[in-house]
Amino acid sequence: MVFGQESNQYQVNAERIGRLSFSIGMYRPPSEGGSASLLLRITENCPWNNCTFCEMYKGNRFGYRKVEDIKSDIDTVKALCDEIFTVSEKSGQEGKVTGDVLRALLNADPILNENPCFMTVFHWLYSGGKTAFLQDADSMIMRPHEFIEVLKYLRTMLSSLTRVTSYTRSKTLSQRKPKELEEIRKAGLDRLHVGLETGDDELLGIVRKGVTSAELIEGGQKAMAAGFQLSEYWMPDLGGRERWQQHAKNTARVLNAINPHYIRSRPFVPRCGTPIYDDYEQEKLHVSSPHERLEELRVMIEDLNVTSRVCFDHNMNSWANERGGPLFHRDYEGYKFPEEKPHVLELIQEGLALDESRHNDIKKLIALNSL
Ligand code: SF4
């Protein structure tokens with residue numbers, strides 16, 4: 001093979017590639033995995049870290065990263081790209097990032113296969129090098145002028161990017177000035193993923209979300225006005241049997257006021273190690289049955305008056321249809337409202353008409369420890 005027949009130059013480069021590392025966090029939305037986004041950590045963990053249902057960053061302190069450190073990570077990604085392109089040229093692939101390029105690199109150093117930085121950059125380039133996701137939980141917490149500096153640097157150094165996205169909190173969005181958000185948007189941040197969870201003030205307080213429904217609306221509306229593409233995530237059954245109706249009604253109310261581009265369903269799961277799991281175990285909170293969850297969904301969807309795309313792009317949307325397949329399709333673009341709202345309501349009706357035993361029951365899954 002051309003690669004193996006070349007001098008040690010390739011070997012040396014493979015060793016260098018193995019040493020090039022940058023910070024990658026644990027979490028990204030599923031849709032960013034679908035687009036093989038480049039993952040770059042611009043803050044560490046969650047500055048709030050109090051939500052009772054969330055296990056993501058528990059036990060880890062929030063870290064505010066220096067701009068120079070983030071820029072250095074971007075330089076490292078660029079260096080990795082350059083090395084991969086060089087191997088592509090030298091192995092006859094004319095700068096294209098192909099399976100043959102990967103094979104050539106792994107022949108030179110099989111350990112690269114276990115190197116998360118290299119593999120992240122390779123997969124990103126292999127998929128076109130178009131999208132990046134900035135980790136961790138609340139990028140808008142960065143001082144606006146520093147965030148803008150990072151974004152401009154990122155866009156300059158990695159010019160193939162066509163979309164840059166991140167997580168943020170509604171509370172932080174509500175505290176930013178419209179002009180700051182506009183400048184961040186113009187500097188190159190395109191899409192925001194926001195955990196709304198519920199629009200019900202009582203429930204927001206119970207789960208210690210650290211935000212009011214008025215702030216959810218203010219943050220969401222500001223993001224939309226600044227030109228971001230906005231994904232809001234809500235959590236069916238977060239209120240359990242005790243508060244399902246107020247949860248459904250107020251979530252629809254808040255989402256109607258925001259009218260985000262995407263509304264994404266993330267059904268509630270009491271995760272071991274979270275405060276809400278203790279409430280569940282002590283029977284202070286009763287999760288709903290599959291039919292009760294669908295009934296909650298029906299109330300929420302009926303009240304939705306939006307032009308958003310409503311998505312069920314997570315495997316916890318585990319209701320079955322008549323044929324035993326998933327009730328809702330799982331793709332990242334979901335159902336266009338209002339056009340497909342009647343269809344979604346029909347699907348809910350189909351799920352309700354099935355015997356309840358045909359659906360996955362969250363309580364059984366928890367008891368089987370299969371979550
Ligand atoms: S703000 Fe998000 S990441 Fe932070 S604790 Fe709450 S749900 Fe978890």
Side-chain angles (χ1 to χ4, degrees), residues 51 53 170 193-207 209 211-214 216-217 219-221 230-270 276 285-321 326-330 332-354 356 359-362:
C51 301
F53 56 85
S170 305
H193 296 272
V194 176
L196 179 134
E197 333 299 2
T198 178
D200 182 64
D201 278 304
E202 186 192 12
L203 192 50
L204 284 166
I206 290 170
V207 300
K209 188 70 194 166
V211 68
T212 64
S213 68
L216 291 176
I217 293 171
Q221 288 182 341
L230 182 62
S231 278
E232 297 270 6
Y233 293 72
W234 107 96
M235 203 172 268
D237 203 24
L238 184 61
R241 283 186 176 147
E242 289 78 2
R243 295 178 184 81
W244 71 270
Q245 217 156 359
Q246 66 195 69
H247 174 35
K249 291 258 169 208
N250 283 315
T251 300
R253 172 182 65 83
V254 167
L255 286 168
N256 287 343
I258 299 171
N259 194 18
H261 298 87
Y262 292 92
I263 296 171
R264 299 185 190 274
S265 165
R266 294 289 179 274
F268 170 58
V269 178
I276 214 166
L285 169 79
H286 298 88
V287 296
S288 304
S289 71
H291 274 175
E292 288 167 339
R293 283 186 167 204
L294 276 176
E295 183 58 22
E296 177 187 315
L297 218 59
R298 190 185 62 73
V299 171
M300 144 72 178
I301 296 287
E302 263 182 358
D303 274 14
L304 266 189
N305 183 19
V306 291
T307 57
S308 319
R309 301 198 75 96
V310 178
C311 311
F312 300 87
D313 52 336
H314 190 276
N315 59 10
M316 281 317 300
N317 293 286
S318 57
W319 302 277
N321 64 19
L327 186 59
F328 305 107
H329 65 67
R330 301 264 173 85
Y332 302 126
E333 292 301 306
Y335 299 89
K336 177 75 179 82
F337 274 40
E339 295 86 342
E340 291 189 272
K341 175 173 165 176
H343 178 50
V344 172
L345 287 169
E346 275 168 25
L347 290 173
I348 292 172
Q349 209 45 51
E350 179 181 331
L352 284 168
L354 279 188
E356 200 162 33
H359 302 291
N360 279 326
D361 189 330
I362 186 82

- For Lys249, look at atom NZ and say whether over 12 heavy atoms of other residues, nucleotides or ligands are found less than 6.0 Å away.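 Counting neighbours around NZ of Lys249, 12 or fewer heavy atoms of other residues, nucleotides or ligands fall under 6.0 Å, so no.
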Side-chain donor/acceptor of [X] to backbone N/O of [Y], under 3.5 Å:
| X | Y | answer |
| --- | --- | --- |
| Ser308 | Tyr262 | no |
| Arg264 | Tyr332 | yes |
| Trp319 | Pro290 | yes |
| Glu333 | Arg309 | no |
| Asn321 | Pro326 | yes |
| Asp237 | Arg293 | no |

Please tell me if the side chains of [X] and [Y] come closer than 4.5 Å, counting only heavy atoms from C-beta onward.
| X | Y | answer |
| --- | --- | --- |
| Phe337 | Val344 | yes |
| Ile258 | Leu196 | yes |
| Val310 | Lys336 | no |
| Ser213 | Asp201 | yes |

- Check: Ser289/Glu356 side-chain N/O donor and acceptor closer than 3.5 Å: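 There is such a pair between these side chains.
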- What orientation do His359 and His291 show, parallel under 30°, tilted 30 to 60°, or perpendicular over 60°?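 Plane angle over 60°, so perpendicular.
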- Message: Quick check on side-chain contact (heavy atoms from CB on, under 4.5 Å): which of Leu203, Leu255, Leu204, Asp200 does Asn250 satisfy it with?
- Response: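 Option passing the side-chain contact (heavy atoms from CB on, under 4.5 Å) with Asn250: Asp200.
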- Query: For Tyr335 and His329, what are the C-alpha separation, side-chain angles and deciding distance, and is it a ring-ring contact (aromatic ring centres under 6.0 Å, His included)?
  - Reply: CA-CA 9 Å; Tyr335 299 89; His329 65 67; 4.2 Å; yes
- Task: Mind listing the closest non-hydrogen atom pair of Asp313 and Arg266 along with its distance?
- Result: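 Closest approach of Asp313 to Arg266: OD1-NH1, 3.0 Å.
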- Can you name the nearest heavy-atom pair linking Val211 to Ser170, along with the distance?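 The pair with the smallest heavy-atom distance is CG2-CB, 4.3 Å.
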- Query: Does a side-chain N-to-carboxylate-O contact under 4.0 Å join Arg298 and Asp303?
  - Reply: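 A salt bridge is absent here (no side-chain N lies under 4.0 Å from a carboxylate O).
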